[in-house]
Amino acid sequence: MLEFLMAILAGIVTVVIIAVVTKWLWPSFQDKCLYKGIRIAGTWAISETRKGTTIKSGKITLKQKGRVITGSRKRTKTRDGKESAEGRLRQP
């Protein structure tokens, strides 16, 4: 009977190990070490061309961890060319 319970426990432990590796460890390793896509992390300027004039209207800051991309944006000018209230609120 004890051998039967040990076999069941071993099966449960095996399932848990496989689940952890396939759900968290392997995808994390793949993103950090095996990712072959383009890296776009950094700060990017947003430019708009209106009536033949190009103006800088904001910026986007991107962070990348493998294929996962997060970021924030700050708009400094509206489409009319006026200063954006949103841009003023976010400036330090």
Side-chain angles (χ1 to χ4, degrees):
M1 182 69 176
L2 184 61
E3 292 174 0
F4 179 71
L5 292 176
M6 289 298 286
I8 290 176
L9 182 62
I12 292 171
V13 169
T14 303
V15 167
V16 169
I17 290 172
I18 290 172
V20 167
V21 168
T22 57
K23 181 138 179 127
W24 292 291
L25 294 178
W26 180 249
S28 178
F29 172 75
Q30 223 174 3
D31 282 345
K32 291 179 183 172
C33 301
L34 303 177
Y35 180 73
K36 294 181 182 173
I38 298 171
R39 302 273 179 195
I40 60 170
T43 302
W44 298 77
I46 301 171
S47 299
E48 293 181 357
T49 303
R50 298 279 176 186
K51 299 178 186 174
T53 306
T54 302
I55 60 168
K56 181 181 174 190
S57 61
K59 70 177 181 177
I60 299 174
T61 304
L62 299 174
K63 296 177 183 173
Q64 183 173 2
K65 194 175 201 180
R67 61 184 170 83
V68 178
I69 299 170
T70 58
S72 63
R73 51 100 178 116
K74 184 187 330 181
R75 187 164 185 90
T76 56
K77 296 209 184 235
T78 64
R79 292 184 181 214
D80 296 335
K82 299 174 186 172
E83 191 172 330
S84 173
E86 179 182 331
R88 283 195 305 269
L89 292 174
R90 293 179 178 248
Q91 290 176 353

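Throughout, numbering of the chain's residues begins at 1 and tracks the sequence. Just so it is clear, the values below take in all heavy atoms, side chains as well, and ignore hydrogens, waters and symmetry mates.
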Mind checking whether [X] and [Y] sit in one hydrophobic cluster, side chains of I, L, V, M, F, W, Y counted as touching below 4.5 Å?
X	Y	answer
Ile60	Ile40	yes
Phe4	Ile12	yes
Ile69	Ile38	yes
Trp24	Val21	yes
Phe29	Leu25	no

> In Å and rounded to the nearest 0.5 Å, what is the NZ to OG distance from Lys23 to Ser28?
Replying inline: 13.5 Å

> To the nearest 0.5 Å, how far apart are CG in Asp31 and CD in Gln64?
Replying inline: 9.5 Å

> Taking all non-hydrogen atoms of both residues, which atom of Ala45 and which atom of Lys56 are closest, and how far apart?
Replying inline: CB-CE, 4.0 Å

>> So, using ring-ring contact (aromatic ring centres under 6.0 Å, His included) as the criterion, who are the partners of Tyr35 when residues are at least two apart?
In response: none

> If we only count heavy atoms from C-beta on, is the Lys65 to Lys32 side-chain gap below 4.5 Å?
Replying inline: yes

>> Under a 3.5 Å distance rule, please check whether Thr76 uses its side chain to pair with a backbone N or O of Ser57 as donor and acceptor.
In response: yes

>> Quick one: does any side-chain atom of Thr22 pair with a main-chain N or O of Ile18 as donor and acceptor, under 3.5 Å?
In response: yes

> Should we count CZ of Arg67 as having more than 12 external heavy atoms under 6.0 Å?
Replying inline: no

> Does one side chain, of Thr49 or Thr54, offer a donor that lies under 3.5 Å from an acceptor on the other?
Replying inline: yes

